[in-house]
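Encoded as structure tokens, the structure appears first; notes follow it.
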Amino acid sequence: MSQKITKAVFPVAGLGTRFLPATKAIAKEMLPVVDKPLIQYAVEEAVAAGIDTMIFVTSRSKNAIMDHFDKAYELETELEAKNKTELLKILKDIVPPNVSFVFIRQAEALGLGHAVYCARPVIGDEPFAVILADDMVEDGTRGCMAQMVDLYKEKQTSILGVERINPADTASYGIVKTPETTGQYAPIEVIVEKPKPEVAPSNLAVVGRYILTPAIFDKIKNTGRGAGGEIQLTDAIADLLKDETVLAYEFEGTRYDCGAKLGFLIANVEMALLNAELKDGFKSYLKELVKTL
Ligand code: UTP
């Protein structure tokens, strides 16, 4: 029976150590790119893919994420009283109509695999999406997850969003090997977490977008601690490969690694240059700035 993707998991319980001290008290997913927190871009991407249940796997000190998607009565009343209709619309648009939000606590940061497993009671026996908000993807059209959901409709199998990276950086990613192909997707033959460049099977990296069948849960359950002492989603996917086809999909669009400072800065610059309100002023500023470099 063909199944629809209606649920997305947003693991936001990581420690965000690469962004300290900014992430001491707030989640890195609340860091803003131009004027929106990373997690809002991620939720908008899920909504654009037809997903209506957003499941956040959170931890202590991540309450700002919950508050962000809650109704802000005082602020709305204040803006209404002052007739600030445009600002009011921005505020109301944060929570799209007919979308439910579910929050689950991951008591200990035991790894991405464990974070996804925490969502099992809400997901049940359905295929689902996983979006890592710190990997932001801008494709200028329908969004990365919508591209993947379209492929899922056709293939009805697990799909990982992948990108070619600098071969020197393989130790920061899950790396897959596929047969040589000129197409946009191919079945994964091998997947390994954070291999050193000299042993990496390719430079095709998994970058924060997954569609998974519910079979992944039993695999995670049986996965021990892997790279970094964490329960790795990659290791569970390696196990899933023994039973099911998992596709690697080279999505369209630009991916920004917003979990790292440089990627986050680049995202801000490029998104500001796409922003109708800011682009002219910002471009003039940048042109003057580069003259001084
Ligand atoms: P990262 O590898 O980016 O780890 O996690 P991190 O802790 O967030 O950041 P650094 O490396 O210390 O700077 C990938 C994704 O998995 C989530 C993170 O929130 C992030 O979205 N995650 C990771 C969890 O939800 N729980 C975990 O136990 C680990």
Side-chain angles (χ1 to χ4, degrees), residues 7-31 33 37-43 45-46 54-66 68-69 101-123 128-137 144-145 160-163 165 169-175 191-195 205-210 212 216-217 220-221 223-237 255-265 267:
K7 295 173 181 165
V9 178
F10 301 88
V12 293
L15 300 175
T17 53
R18 284 169 294 161
F19 242 113
L20 284 169
T23 48
K24 182 174 176 235
I26 60 154
K28 72 175 160 188
E29 292 80 6
M30 282 305 291
L31 296 174
V33 169
L38 286 167
I39 193 69
Q40 193 179 332
Y41 288 97
V43 166
E45 185 182 322
M54 311 296 165
I55 304 159
F56 298 84
V57 180
T58 73
S59 62
R60 282 175 298 282
S61 79
K62 305 282 169 126
N63 291 346
I65 295 182
M66 224 188 288
H68 187 73
F69 292 103
F101 293 85
V102 180
F103 295 88
I104 298 173
R105 278 278 181 111
Q106 184 189 24
E108 237 185 304
L110 294 179
L112 177 58
H114 181 259
V116 170
Y117 192 80
C118 291
R120 184 175 198 170
V122 184
I123 300 283
F128 62 101
V130 177
I131 299 183
L132 305 189
D134 55 343
D135 270 329
M136 184 180 157
V137 181
C144 179
M145 189 47 72
L160 313 186
V162 298
E163 175 184 280
I165 55 150
D169 296 336
T170 55
S172 302
Y173 295 90
I175 301 290
I191 182 166
V192 271
E193 183 66 16
K194 299 188 169 69
V206 182
V207 290
R209 296 293 180 281
Y210 309 76
L212 296 168
I216 194 69
F217 290 123
I220 300 174
K221 201 173 166 190
T223 298
R225 296 195 183 215
E230 296 189 341
I231 297 170
Q232 296 288 355
L233 184 59
T234 302
D235 295 342
I237 294 170
R255 196 253 329 178
Y256 301 101
D257 177 9
C258 293
K261 290 172 202 168
L262 184 60
F264 177 74
L265 287 174

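Numbering of ligands and ligand atoms starts at 1, following listing order.
- A 4.5 Å side-chain heavy-atom check between Thr234 and Val192 finds every atom pair outside the cut-off.
- Taking a distance limit of 4.0 Å, we find that atom 11 (O) of ligand 1 is approached by some protein heavy atom.
- Side-chain contact check for Tyr256 versus Phe264: every heavy-atom pair is 4.5 Å or farther apart.
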Would you tabulate the side-chain donor-acceptor contacts of residues 12-23 under 3.5 Å, counting partners in other chains and residues two or more places apart, or write 'none'?
unit_1: Thr23; atom_1: OG1; unit_2: Gly16; atom_2: O; d: 2.7
unit_1: Thr23; atom_1: OG1; unit_2: Phe19; atom_2: O; d: 3.3
unit_1: Thr23; atom_1: OG1; unit_2: Leu20; atom_2: N; d: 3.4

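- Among protein heavy atoms, the minimum distance from atom 14 (C) of ligand 1 is reached at Leu132 CD1, 4.1 Å.
- Residue contacts with ligand 1 do not include His114, since none of its heavy atoms lies under 4.0 Å from the ligand.
- Heavy atoms of Ala115 found under 4.0 angstrom from ligand 1 belong exclusively to the side chain.
- For Phe101 and Phe10, the ring centers are positioned 6.0 Å apart or more.
- Counting only distance, with no hydrogens or angles, the side chain of Arg209 and the backbone of Leu160 share no donor-acceptor pair below 3.5 Å.
- Each of the following atoms of ligand 1 lies closer than 4.0 Å to a heavy atom of Ala109: 28 (O).
- Among Pro11, Gly111, Ser59, the residue whose heavy atom sits closest to atom 28 (O) of ligand 1 is Gly111.
- At a 4.0 Å heavy-atom cut-off, ligand 1 touches Leu112 through backbone and side chain alike.
- The backbone N or O of Val33 sits less than 3.5 Å from a side-chain atom of Tyr41, completing a donor-acceptor pair.
- Inter-residue side-chain proximity for Ile175 and Ile165 is flagged as met; some heavy-atom pair is nearer than 4.5 Å.
- Under a 4.0 angstrom heavy-atom cut-off, Gly259 registers as lying outside contact with ligand 1.
- In terms of N/O distances under 3.5 Å, ligand 1 is approached by Lys28.
- The protein non-hydrogen atom at the shortest distance from atom 25 (O) of ligand 1 is Ala13 N, 2.9 Å.
- For ligand 1, the polar-atom distance check finds an N/O of Gly14 within less than 3.5 Å of one of the ligand's N/O atoms.
- At the top of the distance list for atom 7 (O) of ligand 1, counting protein heavy atoms only, stands Leu15 N, 2.7 Å.
- When non-hydrogen atoms are compared, ligand 1 lies under 4.0 Å from neither the backbone nor the side chain of Thr23.
- For ligand 1, the atoms closer than 4.0 angstrom to any heavy atom of Leu110 are 28 (O).
- For Gln106, every heavy-atom contact with ligand 1 shorter than 4.0 Å involves the side chain, none the backbone.
- When side chains are defined from C-beta on, His68 does not count as touching Asn63, because their heavy atoms never get closer than 4.5 Å.
- Of the protein's heavy atoms, Arg18 N, 2.7 Å lies nearest to atom 13 (O) of ligand 1.
- Below 4.0 Å from some heavy atom of Asp134 lie the following atoms of ligand 1, by number and element: 3 (O), 21 (O).
- A heavy-atom separation below 4.0 Å is found between Glu29 and ligand 1.
- Leu233 places none of its side-chain heavy atoms less than 4.5 Å from the side chain of Val206.
- For ligand 1, the polar-atom distance check finds no N/O of Ala133 at less than 3.5 Å from any of the ligand's N/O atoms.
- Between Phe69 and Phe56, the ring center distance clears the sub-6.0 Å criterion.
- Side-chain atoms of Gln232 never come within 3.5 Å of backbone atoms of Gly226 as a donor-acceptor pair (strictly under, hydrogens ignored).
- At under 3.5 Å, not a single nitrogen or oxygen of Phe19, backbone or side chain, sits near a nitrogen or oxygen of ligand 1.
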Show me the side-chain donor-acceptor pairs of residues 104-113 shorter than 3.5 Å, one per line, residues at least two apart or across chains.
unit_1: Gln106; atom_1: NE2; unit_2: Glu108; atom_2: O; d: 3.3
unit_1: Gln106; atom_1: NE2; unit_2: Gly111; atom_2: O; d: 3.4
unit_1: Gln106; atom_1: NE2; unit_2: His114; atom_2: ND1; d: 2.8

